[in-house]
Amino acid sequence: MSKEKPSIPKGTRDFGPAVVAKRNYIFGIIRRTFEKFGYLPLETPAMEQLSVLTGKYGDEGDQLIFKILNSGDFLAKTKPEDVEQGYKHLTRKISEKALRYDLTVPFARFVVMNRNEITFPFKRYQIQPVWRADRPQKGRYREFYQCDADVVGTNSLLCEAEIVQMINGALTDLGLTDFTIKINHRGVLAGIAEAIDEKGREGDICVAIDKLDKIGQEGVRKELLERGITVDAVNKLEPLYDLNGSNEEKLAQLQSILGNTAEGERGLNDLREVWAYLQGLQSKALTAENPSGEPRLMLDVTLARGLSYYTGCIFEVKVNNVSMGSISGGGRYDNLTGMFGLPGVSGVGFSFGVDRIYDVLEELQLFPESSQQSTTALIVQFDKDSEMYALPVLQQLRDAGISAELYPEAAKLKKQMGYADQKNIPYVILIGSEEMASGKLKLRDMKRGEQHDLTIEEIITQLK
RNA sequence: GUGGUUGUAGCUCAGUAGGUUAGAGCACCAGAUUGUGAUUCUGGGGGUCGUGGGUUCGAGCCCCAUCUUCCACCCCA
């Protein structure tokens with residue numbers, strides 16, 4: 001008998017009852033938001049073929065995919081020279097499956113496989129865990145849940161506008177008041193690169209610019225030069241950092257800088273159209289201001305996002321004044337299904353990071369009390385007679401749709417009351433000899449500490 | 001993946017220059033209170049000091065490895 005201490009892998013967590021209750025509260029609000037906008041649920045397997053996932057997230061992403069070792073004698077088909085050719089070569093020989101890295105690529109795979117059954121535009125949402133072999137930190141786990149909503153089969157920028165609406169709606173319903181929805185466009189980034197005579201280098205430029213609020217303008221300048229961007233280009237780039245004024249004014253300023261680049265023009269037109277849709281939708285995201293006075297929806301040319309499949313608008317959401325990375329992000333991808341042999345299907349989607357939202361709500365104490373209670377009423381018993389008397393009462397409560405339980409033994413009152421207190425049960429019903437004789441049960445409101453003698457019918461009415 | 005950091009009772013932490021039976025608060029259990037919880041009083045249980053090696057007469061404390069935590073890069077939900 002080995003008595004090893006049990007443990008769970010790095011970056012994974014157990015969720016106890018109280019935590020699950022709060023997580024379900026978040027899932028519920030997100031699910032309702034998605035459904036309000038016409039998205040329907042989809043679920044896909046935890047594991048995908050490795051070939052489906054590789055190459056979709058850039059080199060960095062490929063490194064972070066959890067591979068599953070082939071079962072059985074996984075070395076059967078390998079030869080000594082496979083080892084000599086390095087781990088990447090060997091990986092393909094001993095691993096054919098991998099845990100999904102996000103929900104967007106499996107969705108694209110699903111669309112391609114079911115292209116003949118699907119009616120386009122196809123709107124789906126998906127709430128499932130994903131896995132990344134990242135090094136864990138606060139708010140960064142190796143297993144975490146994403147809540148994705150994507151639509152494929154339409155180029156309409158109404159989808160982008162509705163994504164802004166969904167983000168604003170869900171986060172507002174969760175009680176958040178100080179958050180920023182950043183929006184940008186890959187075309188704008190490409191146009192900027194072209195306008196400063198560094199066409200095609202937007203990748204390097206983005207990685208550097210993205211750190212602006214972290215390392216400052218000087219730090220970014222240094223990094224850009226290290227990445228081989230010319231001094232000339234950096235000088236042209238820097239005025240873009242502090243575009244000021246309203247979003248409309250920013251668009252106008254960008255127009256004069258990028259107007260004559262094809263990509264830049266495409267990006268600006270898309271963004272203007274998104275704004276027009278939002279105005280039509282009377283978007284609260286468009287008019288809302290954060291406590292700081294900044295607009296909630298912000299055009300941010302420094303927003304980059306690493307996932308390599310994005311081609312159009314990109315989004316990212318940051319809760320202000322908490323130490324937490326982005327809690328939501330997404331964008332448009334024009335050719336994801338093309339990689340699986342179905343070209344010409346444009347898609348756009350975004351994702352909420354529930355685990356981070358959870359940590360933020362916890363920090364800001366925004367979980368409502370109702371998300372933390374389990375049972376509505378506990379029946380306390382005193383002896384065998386009262387237990388038997390309580391059984392039909394218990395059933396009547398449940399038939400009336402009230403979640404109820406009977407303490408399963410005639411333990412001391414203190415213990416039974418303590419149980420209710422611990423479990424955050426708001427009402428206790430006491431059934432003893434007096435109550436059985438009179439037919440009036442004692443209903444105790446645990447929060448107020450008051451109790452009244454009531455018939456079972458009266459109790460049901462009150463608790464319903 | 002690179003460089004750091006953390007790990008002592010269920011939880012939050014003490015633990016002095018390596019020296020007998022490792023402590024506190026909270027939580028838990030029992031009693032004060034044989035029909036009433038979150039307050040009060042009394043008593044009680046619980047730790048092979050993350051794990052595995054090593055140095056030493058002797059290690060919670062020193063060394064190595066490993067796992068874990070958190071942080072900065074990288075990247076990202």
Side-chain angles (χ1 to χ4, degrees), chain A residues 2-13 16 26 30 57-65 87 101-104 127-148 167 203 206-208 210-211 214-215 219 223 303-308 314-319 323-330 349-360 378-383 386 407 410-436 441-451:
Chain A
S2 67
K3 44 177 178 180
E4 63 172 59
K5 279 192 180 176
S7 64
I8 55 174
K10 188 201 290 234
T12 65
R13 297 148 299 157
I26 300 175
I30 290 174
Y57 310 106
D59 287 341
E60 290 280 353
D62 284 354
Q63 303 285 336
L64 299 180
I65 295 171
Y87 76 97
Y101 180 89
D102 71 356
L103 301 177
T104 306
I127 298 179
Q128 290 189 278
V130 304
W131 293 269
R132 296 184 187 178
D134 218 343
R135 192 172 283 202
Q137 268 180 49
K138 194 193 185 94
R140 168 184 272 191
Y141 307 98
R142 290 187 144 182
E143 177 184 63
F144 62 98
Y145 275 71
Q146 288 196 328
C147 306
D148 262 43
I167 292 172
C206 288
V207 171
D210 197 44
K211 299 176 193 163
K214 197 177 269 178
I215 59 178
E223 176 146 354
L303 171 62
R305 292 190 64 73
L307 257 42
S308 55
I314 46 183
F315 309 94
E316 196 161 286
V317 182
K318 175 91 179 65
V319 179
S323 58
M324 180 60 70
S326 60
I327 57 165
S328 175
F350 75 108
S351 179
F352 286 115
V354 181
D355 303 272
R356 287 188 174 178
I357 291 174
Y358 182 98
D359 289 348
V360 168
L378 172 77
I379 303 177
V380 163
Q381 59 159 312
F382 295 89
D383 48 36
S386 80
Y407 197 87
K412 287 192 175 172
L413 256 204
K414 185 184 170 94
K415 176 139 183 159
Q416 299 190 52
M417 298 297 284
Y419 176 82
D421 188 46
Q422 199 74 51
K423 229 176 147 179
N424 214 4
I425 298 175
Y427 294 98
V428 166
I429 297 166
L430 294 103
I431 303 179
S433 50
E434 295 166 25
E435 287 77 14
M436 286 190 280
L441 312 181
K442 203 149 257 160
L443 178 69
R444 180 174 175 85
D445 182 329
M446 294 295 277
K447 196 99 179 258
R448 299 184 181 186
E450 297 169 357
Q451 53 193 37

> If you write RNA chain B from 5' to 3' in dot-bracket form, with Watson-Crick or G-U pairs under 3.5 Å, [ ] for crossing pairs and | for pairs with another strand, what do you get?
Replying inline: ((((..(..((((.....[...)))).(((((.......))))).....(((((..]....))))))..))))....
> With sequence neighbours left out, what residues match P426(A) under side-chain contact (heavy atoms from CB on, under 4.5 Å)?
Replying inline: Q373(A)
> Is there a donor-acceptor contact under 3.5 Å from the side chain of S326(A) to the main chain of K318(A)?
Replying inline: no
Taking N or O atoms only and anything under 3.5 Å, show me the protein contacts with nucleotides 41-43 of chain B, one pair per line.
none

>> Can you build the contact string for nucleotides 4-13 of chain B? Use B for base contact, S for sugar-phosphate-only contact, and - for no protein heavy atom under 4.0 Å.
In response: ----------
>> Going by side chain to side chain donor-acceptor pair (under 3.5 Å), name the residues that satisfy it together with Q381(A), two or more places apart in sequence or in a different chain.
In response: E387(A)
> Does Q451(A) have any side chain to side chain donor-acceptor pair (under 3.5 Å) partners at least two apart in sequence or in another chain, and if so, which?
Replying inline: R444(A)
> Tell me the salt bridge (Lys or Arg N to Asp or Glu O under 4.0 Å) pairs involving residues 416-428 of chain A, sequence neighbours left out?
Replying inline: E405(A)-K423(A)
> What residues form a side-chain contact (heavy atoms from CB on, under 4.5 Å) with K211(A), not counting sequence neighbours?
Replying inline: V207(A), I215(A), E223(A)
> Who are the side-chain contact (heavy atoms from CB on, under 4.5 Å) partners of I26(A), not counting sequence neighbours?
Replying inline: I30(A), L174(A), V354(A), I357(A), Y358(A), L361(A), F367(A)
>> Please enumerate all residues that pass side-chain contact (heavy atoms from CB on, under 4.5 Å) together with T12(A), with sequence neighbours excluded.
In response: I8(A), P9(A), E143(A)
>> I'd like the C1' distance from U48(B) over to G52(B), given in whole Å.
In response: 13 Å
>> Checking D355(A) now: which residues fulfil side chain to side chain donor-acceptor pair (under 3.5 Å) with it, not counting sequence neighbours?
In response: R13(A), R23(A)
>> Just to verify, what does K412(A) make a salt bridge (charged side-chain N to carboxylate O under 4.0 Å, His left out) with, not counting sequence neighbours?
In response: none
